[in-house]
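Data block below; observations after.
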Amino acid sequence: MLLVRGWAGDSALTGTIFEEDESPPEYSGSPNTDAPFVWVCDEFYEVESGGQTQTIEGRELQVAFESPMPRGFESREAALTAAKEHLRTQFVRLGVESDTVEIELLDEDENTVQQP
């Protein structure tokens, strides 16, 4: 299992890549994915009211979260590429420039594996 974390300012979003010998979580509405690598991560977007208050790059925003949707991949590299894109996209939805989102890879104990 790899944790992939995206940082924008003091805010972070972390998703998980389940590898070949691991079983991704199953919950109501989750698709059946038999792929060897599965990426699971929340999605969020800014709302006018409700949601949760988050401070990102010095701005206070109201953010709503969507249920995570597992996505399957045939290779670890494809899963990592999709994970990085997904994390950047979430912050872009909140007005953060894509190239300012920092990505790090962590093992299941949250030890840094790689910081691209």
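The structure displayed is predicted, hence computed values, not measured ones.
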Test Glu43 against His86 for side chain to side chain contact (heavy atoms under 4.5 Å, CB included), laying out the working first. CA-CA 8 Å; Glu43 295 186 12; His86 175 91; 3.3 Å; yes
Closest approach of Ala82 and Arg71, non-hydrogen atoms and distance? CB-NH2, 3.9 Å
Does atom CD (Glu97) have a neighbourhood of more than 12 heavy atoms from anything else shown, all under 6.0 Å? no
Look up atom CD in Glu77 and atom CZ in Phe37, then write down how far apart they are to the nearest 0.5 Å. 10.5 Å
Could you grab the distance from atom CG of Leu3 to atom CG of Asn111, nearest 0.5 Å is fine? 10.0 Å
Side-chain contact, heavy-atom cut-off 4.5 Å: Glu57 with Val96? yes
Distance, nearest 0.5 Å, that separates CZ of Arg5 from NZ of Lys84: 15.5 Å
When the aromatic ring centroids of Phe18 and Phe73 are compared, is their separation below 6.0 Å? no
Please walk me through it: do Glu66 and Phe44 pass side chain to side chain contact (heavy atoms under 4.5 Å, CB included)? CA-CA 6 Å; Glu66 298 175 355; Phe44 55 70; over 6 Å; no
Within-4.5 Å side-chain heavy-atom neighbours: Val4 and Ile17: yes
To the closest 0.5 Å, what do you measure between CH2 (Trp7) and OG1 (Thr14)? 7.5 Å
Is the shortest side-chain heavy-atom distance between Glu74 and Pro36 below 4.5 Å? yes
Does the side chain of Arg76 come within less than 4.5 Å of Glu19's, by heavy atoms? yes
Using side-chain heavy atoms (C-beta onward) and a distance below 4.5 Å, is Thr55 in contact with Ser11? no
Nearest 0.5 Å please: distance from the OG1 atom of Thr16 over to the CD atom of Glu22. 9.5 Å
Is Val92 reachable from Leu87 through a run of I, L, V, M, F, W or Y residues, each pair having side-chain heavy atoms under 4.5 Å apart? no
Which heavy-atom pair separates Ala8 from Phe91 by the least distance, and what is that distance? CB-CD2, 3.5 Å
Would you kindly confirm whether Tyr45 and Val101 end up in one hydrophobic cluster when ILVMFWY residues are joined by side chain heavy atoms under 4.5 Å apart? no
Which value, rounded to the nearest 0.5 Å, describes the distance between Glu85 atom CD and Trp39 atom CH2? 11.5 Å
Is it true that Arg93 and Glu46 make a salt bridge, defined as a side-chain N closer than 4.0 Å to a carboxylate O? no
Enclosure of Asp21 CG (heavy-atom neighbours >12, cutoff 6.0 Å): yes
Can you tell if the side chain of Ile103 reaches within under 4.5 Å of the side chain of Arg88, non-hydrogen atoms only? yes
Evaluation steps, side chain to side chain contact (heavy atoms under 4.5 Å, CB included), between Ile56 and Leu61: CA-CA 7 Å; Ile56 299 177; Leu61 309 167; 4.3 Å; yes
In one Ile/Leu/Val/Met/Phe/Trp/Tyr side-chain cluster, 4.5 Å: Phe65, Val47: no
